[in-house]
Amino acid sequence: MIKYLLLILMLATPVLAVQPDEILDDPVMEARARVISKVLRCLVCRNENIDDSNAELARDLRLLVRERLVAGDTDQEVEDFIVDRYGEYVLLMPVFKLSNALLWFAGPIMLFVGGWIAVVFIRRKSASGEDNETLSLEEQAKLDTLMAD
Amino acid sequence: MTAELGHYALIIAFTISIAQSIIPLIGAQRDWHDWMRFATPAAIVQFALIAFSFAMLMTAFVTSDFSVRLVAANSHSAKPMIYKITGVWANHEGSLLLWITILTGFGAAISVWGENLPPSLKARVLAVQAMIGTAFLGFILFTSNPFLRLSQPPLDGKGLNPLLQDLGLAIHPPFLYLGYVGLSVAFSFAIAALIEGKVDAAWARWVRPWTLAAWIFLTIGIGLGSWWAYYELGWGGWWFWDPVENSSFMPWLMATALLHSAIVVEKRNALKSWTVLLAILAFSFSLIGTFIVRSGVITSVHAFANDPLRGMFILGILAVAIGGALTLYSMRVSTLRSTAVFGTISRESGLVMNNLLLAVSAAVVFVGTIWPLVAEIFTGAKVSVGAPFFNLAFTPFMVVLAMILPIAAVLPWKRSNLKRTMQPLWGIAALSVSLGAVVWVMQTGGRMLAPIGLTLAFWVIVGSLADVAVRVKLGKAPMAESLRRAVNLPRSDWGKMFGHVGFGVMIFGISAIMAWEYEDIRTVEIGDTFMLQAYEIRFDAVEGIQGPNYTAARGNFTLLKDGLEVAKLYPEKRRYPVESSPTTEAAIDQTLFRDVYLVLGDKQSDGSWAVRSYVKPFTSWLWIGLFTLAFGGVLSISDRRYRVASAARKPTMSAVPAG
C-alpha cells in the first residue's frame, strides 16, 4: 500500500529536462532543436540552458523552439523569434555588438599585449650577451647550505 | 552554553589577530627580536581558539541545538549524522567560519614548520596572514555571526537542501577552501618579500610547497564538485561555467601559473617581479571568488541589494587587500630586478609562454564571469554569459598550451637549440597527427573536436612520457641502468610527468565525452526492453523505498549486451518531505571505456515511465586525469628539496626512496 502512495507522491515532482513527448518525429529537426536549446537560457534558472533545465518555463521554451522549427523557421529565425520575445538575456552567448565588444576582444587583446610584453622581455634577456653567473655568491652559499640537507 | 563559548573564542581570536598584524611588523622593521617572535605563539593560539569555536558550532549541529539560529535554519533532527556535520559549512556563516579556521590553520602551520625562515620574513609573513584573518574575523563577527540564539527555538529545523545531502558535494568545500585559502600563504610571502625588498631562490623554495599544497587541494576540490555534478544533477554534465565554479577555476589557473613561474625563480633567479605579482593575483582571485560566492552579486544583483552590508564588507576587504598589495607592488617592484640571462629558445621562455596563456585564460574567465554585472551597471542591459561563450573563448588557450607543452617541458635552461630539442619529438608529433586523421576518417568527417582533442591528448601524454624515457635512457642503456636512473630521478620530475600526463588524459576524456556521447530519451513500460547503441536495457520494475529522510521511487533495470547481463541499474527519484523538493539519483555503470548513465523520469499518464539513458565514452578518463594531475602535485611536494633545513643536516647520500 505504502508503495502506491509513494508512487503517487512521485507524480507531483517537476518534469525532468527534455521529455519523451516533446521530441519531434523528424530526427534532423529534433537534432536542430537540441542544438538551439543549448544556447538558450532557462530564464528562471541559474546559468542553465533550456535543454538541461527541469523548470516548467524551460519546457515551454523547448516546445516553442520545436513549434517554430515545424513551422519552417531556420535556426537563426527561431533564435531571433525567442530573443524578440524574451530579450537578449535569453542567449547564453551574447551576440557580438559594439556594447559588448570588450567581452569578445578581452582575450585576444590581453594575449596580444601580454605576448608583446613577453617577447620584448625575452628579447632583452637574450640580448644582454653571454650568460653570466645568475646567483650572487652570497645567494649561492645560502642555497648550498639549504641543499646540504 | 557551547554557542556562547564559541562566540567568545572568536572575539578573543579577533583581538589576538589584531595584535599579530601589528607587533611582528614593527619588530621586523626595528629589528626587535622579541616583538618578531610574538607572531609564532600568537598564530598558534589564534588557530586553537578558532578551531575550538568551529568545534562548538559543530557540536550545535551534531546535537541539533535548534536554539542556535543557524542550526534551526539549516539542519533537521532526522538528517543522517554525516550531513549534520557537513551541514556546518553548507551555509554562509558556517562556511566563513571554516574559511577562517583553515586560514589560521595555515598561519599555525607556518609558525610550526617555518623554523628555517629568516626571523624578519617569518614575522612579516605571519603579520600579513593575521591581517587577512582580522578582516575576515571582523566580517564574521559584525555581519555573519554563526552563534546567534533564537529566543523561541523551533521544535525541529528547516533542513538542508537535498541536493547538498550528498557525500561528494558535502566534502568538497573543505578541499576548495584549503586551496583558496592556501594561496593566502603565497600572498603573505609576496607581501613580506616586497616589504623586505628581497626575492631570491630561497624565497621561491619556501613559497612553492605552500602553493603546491593549495593547488593540490584546489584540484581535488574542483574535481569532487565536478564529479558530484556528473552523477547528481541528472544528465551527466560535469562543468557548467557557473560563476561559482568559475570562482574556483580562476585561482586554480593562476596557481598553476604561479607553480611554474616559481620554478624559474628557484632555478634561475629570473621572473621575480612577475612571480610576486602572480602570487598577489592568485590570492586576489580567491578573494574575488569568495566575494562572488558569498555576496551572491553575480547570480543576482538583487541578492546583493537585499543584504548590502555583507557585500560591502567583503568588497571593502577586496579593495584594501588587492589595492594595497598592488600599490605596495608598484612601489617596490624596482627592487626586484633580476640579472639572469636566457636565450629566446629556452625553458625560461617556454615557462613565460605557459604563464602568458594561463594568466590570459584566467582573465578571460574573469571577464566572462563579471560581464553580466558590468553590463547591467553600465548599460542597464541584462545579458547572459554562459557555457557557449566560455567554450569558444577559453578553449583556444588550452589548445595552444597543449601544443607547446611537450616542447617547452624538455627545453634546457638558459639556451638551447630547437632543432635538437625537437628531434625525439618529431616522431610523436607525426604519430599524434596521424591518430587524429584516423579518428577523423573513422567518424567520417564531421566535427573537428574529437580529432583535434585526440591529437593533442596523445601528443601531451606521449611527449611527457618520452621526456622521462629519454632521461632514464630507456632502451638505450641496459635495463638495470635505466631503473637506477629512474630511482634517482628527483620526485619533482616524476611529479612533472604525472601532472602533464594527467592534463593530457583529461583532454582525451573531455574531447571523447563531448564528441561521442550518445543519448536516448523515451517512455518505457515496465517489462519492456529498448536498445541503446550496442546495449539492451530491460525495465524490470519500479519499487517504492524509504530512506532515512526521504522517500524514493527506484527503477530496476538490467543492462544487457548480446543477450548477456552486464549490470543491474537502480536509478532513483527521491523526495525529501522536510525540504519538499526532489532529486534524481542517476544509475551509472562505469568502465574504463564507457559509462552507461541511466535516469528515471516521470511516470506518464499511460503508466509508462520517461527514461533517459546515455552512453558516455571514456568518462572515467576525466577523473583518472584529474587524479593523476593531483598525484603529480603530491609527488612534487614530497621532493626532498622542499623538506630542506627543517631537518638537521644529513649526509647527502641518503637516497630518495623510490616513489
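All chains are named by letter (A, B, ...) in the order of the sequence lines, taking the proteins before the strands, and each is independently numbered beginning at 1. The shown structure was predicted, so the numbers you read here are calculated from the model rather than taken from an experiment.
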Open item on the list: At a 4.5 Å cut-off on heavy atoms, which part of B/Ala375 comes close to chain A: side chain, backbone, both, or neither?
Closed with: neither
Task: Interface moiety of A/Leu91 toward chain B, non-hydrogen atoms closer than 4.5 Å - done: backbone
Open item on the list: Between B/Arg612 (side chain only) and A/Val18 (backbone N and O only), is there a donor and an acceptor less than 3.5 Å apart?
Closed with: yes
- [ ] Pull out the residues in residues 68-79 of chain A that come under 4.5 Å of chain B, heavy atom to heavy atom, sorted by number.
- [x] none
TODO: Check whether B/Glu519 gets within reach of chain A through its side chain, its backbone, both or neither, counting any heavy atom under 4.5 Å.
DONE: side chain
- [ ] Please tell me if the side chains of A/Gln19 and B/Thr523 come closer than 4.5 Å, counting only heavy atoms from C-beta onward.
- [x] no
Open item on the list: With a strict 4.5 Å heavy-atom criterion, list every residue of residues 385-395 of chain B that contacts chain A, or say none.
Closed with: B/Val385, B/Gly386, B/Pro388, B/Phe389, B/Leu392
Task: Closest non-hydrogen atom pair between A/Ile122 and B/Met353, with its separation - done: CD1-CE, 4.2 Å
Task: Positions in residues 95-104 of chain A that reach chain B, provided some heavy atom is under 4.5 Å away - done: A/Ser99, A/Asn100, A/Leu102, A/Leu103, A/Trp104
Open item on the list: Can you tell me which portion of B/Phe397 sits under 4.5 Å from chain A's heavy atoms? Options are side chain, backbone, both or neither.
Closed with: side chain
TODO: Show the numbers, then the answer: is there a side chain to side chain contact (heavy atoms under 4.5 Å, CB included) between B/Val383 and A/Met93?
DONE: CA-CA 9 Å; B/Val383 294; A/Met93 181 158 72; over 6 Å; no
Task: Which atom of A/Ala118 lies closest to which atom of B/Val352, heavy atoms considered - done: CB-CG1, 3.7 Å
TODO: Specify which of B/Ala359, B/Ala610, B/Ser349 makes the most heavy-atom pairs with chain A at under 4.5 Å.
DONE: B/Ser349
Open item on the list: Let me confirm one number: the CD-CZ distance from B/Glu348 to A/Phe121, rounded to the nearest 0.5 Å.
Closed with: 9.5 Å
TODO: State whether the side chain of B/Ser384 and the backbone N or O of A/Tyr89 hold a donor-acceptor pair below 3.5 Å, judged by distance alone.
DONE: yes
Task: Option in B/Thr344, B/Val364, B/Asn355 with maximal non-hydrogen atom pairs under 4.5 Å from chain A - done: B/Thr344
Task: Gap separating the CD1 atom of B/Ile521 from the CD1 atom of A/Ile23, nearest 0.5 angstrom - done: 4.5 Å
- [ ] With a 4.5 Å heavy-atom cut-off (strictly below), which parts of residues 24-38 of chain A touch chain B? List them by number.
- [x] A/Arg34, A/Lys38
- [ ] Please determine, among A/Val119, A/Ile117, A/Asn49, A/Leu111, the option with the most heavy-atom pairs under 4.5 Å with chain B.
- [x] A/Leu111
